[in-house]
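For reference, the structure discussed in these notes is given below.
Both ligands and their constituent atoms are indexed starting at 1 by order of listing. Hydrogens, waters and symmetry mates play no part in the numbers below; they use all other heavy atoms, side chains included.
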Amino acid sequence: MTTITKMPLGKNGPLVSKLGLGCMRMSSVWGGQTNDEHESIATIQAALDNGINFLNTGDFYGSGHNELLVGKAIKGRRDDAFISVKFGAIFYNGQWIGLDLRPIAIKNFINYSLVRLGIDTIDLYQPCRMDSSVPVEDVIGTVADLIKEGKVRHLGVSEITADQLRLANSIHPVTALEIGYSLADRQIESDLLPAAKELGIGVVAFANTAEGLLTGEMKAPLAADDYHLHFSRFQGDNLVKNLEKVEVLKRIAKDKGFTPTQLAIAWVNGQGDHIMPLVSMSRRSRLPENTQAMEIVFSAEEMDALNTHFAPGSILGGTYLQR
Ligand SMILES: NC(=O)c1ccc[n+]([C@@H]2O[C@H](COP(=O)([O-])OP(=O)(O)OC[C@H]3O[C@@H](n4cnc5c(N)ncnc54)[C@H](OP(=O)(O)O)[C@@H]3O)[C@@H](O)[C@H]2O)c1
């Protein structure tokens with residue numbers, strides 16, 4: 001399998017794999033299925049064996065199930081893994097019902113996370129969103145306190161605005177920004193990505209396949225119970241037109257001898273040395289294909305063709321990433 005190189009996460013930050021493993025879809029989130037536990041643990045361990053040390057979880061992924069899984073997978077090999085945990089989302093019966101970013105809540109969350117993960121320190125701890133009801137200063141200040149206490153090593157943030165990023169970084173240095181980014185979702189290129197670069201903050205880019213749109217495997221119309229139908233991007237004519245766009249990605253992928261998913265990951269990877277594609281892989285069989293994507297290099301013409309074809313705004317309709 002492809003050797004995964006390392007990148008510093010943020011200015012003078014820790015060395016982590018240039019490809020991250022997203023563990024979210026191993027657990028039931030948004031009412032989805034829980035993946036086979038044996039396969040999930042084997043996938044995390046195979047990723048670690050192949051140099052993918054960045055593992056991404058959240059305390060609300062499967063109501064703690066995801067952290068328990070990660071904890072089992074890293075048992076006896078803590079030092080092989082870099083653990084990134086999000087907090088703050090409140091789910092009930094598989095539905096997002098709000099955010100709780102109060103300092104008192106964060107102090108409660110972290111102890112549960114440490115127990116579930118079976119570790120003493122979380123490498124990267126981050127609010128999953130910001131919330132106008134709790135000042136950014138209080139949220140970031142609480143994580144800074146946890147860093148002083150030794151329960152957390154680095155501060156991260158997720159899905160925030162450029163202004164919030166600047167404010168957070170002025171309170172405590174931000175090591176990483178976790179953000180949705182793909183050929184289909186490029187809005188952050190105008191302000192957030194330049195701000196992260198200027199501040200020396202590493203970018204952990206998720207949803208590289210745009211909820212599966214860029215895998216080339218989606219067909220219209222979707223089954224009536226498909227969760228994608230919640231998002232306008234996957235409804236009616238939008239989906240038909242968006243899949244036509246994806247045909248170009250499929251053609252370029254075929255010409256280069258790769259899959260559309262590999263090109264979607266490679267495009268994100270190619271956006272900078274400080275940008276990590278964070279990819280969901282719930283089974284070991286995904287690893288060879290997705291790690292090979294990290295070897296792909298685009299010619300200037302290919303990059304130009306992709307950037308033009310998938311210019312910001314060219315994919316119709318939104319997902320929960322609509323900003
Ligand atoms: N901060 C946030 O707000 C936020 C939001 C969402 C996600 N995340 C994190 O980011 C990670 C990635 O996000 P994501 O799951 O939304 O996006 P993604 O990585 O694009 O994955 C979407 C889907 O693509 C599938 N896939 C992966 N490799 C494939 C391949 N080679 N061919 C065909 N399909 C393939 C995955 O299936 P399988 O699962 O079956 O392998 C998954 O269901 C998550 O695991 C989570 O840790 C963060």
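Remark: ligand 1 atoms within the under-4.0 Å shell around heavy atoms of Val279 are 19 (O). When each atom of ligand 1 is checked for a heavy atom of Asn208 under 4.0 Å away, the hits are 20 (O). Taking a cut-off of under 4.0 Å to the non-hydrogen atoms of Leu278, the atoms of ligand 1 that pass are 9 (C), 10 (O), 11 (C), 12 (C), 19 (O). If you number the atoms of ligand 1 from 1 as listed, the ones under 4.0 Å from a heavy atom of Met281 come out as 41 (O). Residue-ligand proximity, Glu217 to ligand 1, at heavy-atom distances under 4.0 Å covers atoms 32 (N), 33 (C). In the vicinity of Thr215, heavy-atom distances shorter than 4.0 Å reach the ligand 1 atoms 33 (C), 34 (N). Residue contact check: Ser158 has heavy atoms under 4.0 Å from atoms 1 (N), 2 (C), 3 (O) of ligand 1. Here is the list of ligand 1 atoms found below 4.0 Å of a heavy atom in Tyr61: 8 (N), 9 (C), 46 (C), 47 (O), 48 (C).
The nearest heavy-atom contact from the protein to atom 5 (C) of ligand 1 is Phe206 CE1, 3.1 Å. For atom 25 (C) of ligand 1, the closest non-hydrogen atom on the protein side is Arg286 NH2, 4.1 Å. Scanning all protein heavy atoms for the shortest distance to atom 47 (O) of ligand 1 gives Asn56 OD1, 2.7 Å. Looking from atom 39 (O) of ligand 1 to the surrounding protein, the closest heavy atom is Ser282 OG, 2.7 Å. Arg25 NH2, 3.1 Å is the protein heavy atom nearest to atom 16 (O) of ligand 1. The closest protein non-hydrogen atom to atom 48 (C) of ligand 1 is Glu178 OE2, 3.1 Å. With respect to atom 31 (N) of ligand 1, the closest heavy atom belonging to the protein is Asn290 OD1, 2.9 Å. Among all protein heavy atoms, the one lying closest to atom 13 (O) of ligand 1 is Ala207 N, 3.6 Å.
Contact annotation: the side chain of Tyr125 approaches that of Leu146 to within less than 4.5 Å [non-hydrogen atoms, C-beta and beyond]. Leu239 has its side chain out of reach of Pro221: every pair of non-hydrogen atoms, C-beta onward, lies at least 4.5 Å apart.
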Query - Asn208/Trp267 under side-chain contact (heavy atoms from CB on, under 4.5 Å): CA gap, chis, key distance, verdict - result: CA-CA 9 Å; Asn208 297 181; Trp267 180 84; over 6 Å; no
Report task. Please test Leu192 against Ile179 for side-chain contact (heavy atoms from CB on, under 4.5 Å), starting from the C-alpha separation and ending with a verdict. Result -> CA-CA 9 Å; Leu192 193 53; Ile179 195 83; 3.4 Å; yes
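One finds the CG atom of Asp80 at 10.0 Å from the CD atom of Gln45 (value rounded to the nearest 0.5 Å).
Glu244 has no carboxylate O lying under 4.0 Å from a charged side-chain N of Lys241, or vice versa, which leaves the two without a salt bridge. A salt bridge does not link Asp131 with Arg129: none of the charged nitrogens is closer than 4.0 Å to a carboxylate oxygen. A salt bridge does not link Glu211 to Arg233: none of the charged nitrogens lies less than 4.0 Å from a carboxylate oxygen. Ionic pairing of Lys151 and Asp145 is not present here: no N-O contact between side-chain nitrogen and carboxylate oxygen is shorter than 4.0 angstrom. A salt bridge links Arg166 with Glu198; the closest basic N to acidic carboxylate O contact falls under 4.0 Å.
Residue Arg129 has at least one nitrogen or oxygen atom sitting less than 3.5 Å from a nitrogen or oxygen atom of ligand 1, judged on distance alone. Remark: ligand 1 and Thr209 share an N or O pair separated by less than 3.5 Å (distance only, no angle test). In terms of polar-atom proximity, Arg283 is counted as a contact of ligand 1, with an N or O under 3.5 Å from an N or O of the ligand.
Taking the six-membered ring for Trp and thresholds of 30 and 60 degrees, Phe60 and Trp96 have ring planes more than 60 degrees apart, a perpendicular arrangement. Note on ring orientation: taking the six-membered ring where Trp is involved, the planes of Phe206 and Tyr320 are parallel (angle under 30°, cut-offs 30° and 60°).
Contacts with ligand 1 closer than 4.0 Å are made by no heavy atom of Gln262, backbone or side chain.
When the options Ala293, Ser280, Gly22 are ranked by their closest heavy atom to atom 12 (C) of ligand 1, first place goes to Ser280.
Ligand 1 has at least one atom lying under 4.0 Å from a heavy atom of Cys23.
Under the side-chain contact (heavy atoms from CB on, under 4.5 Å) rule, Val157 has a single partner from Thr175, Asn169, Leu165, which is Leu165.
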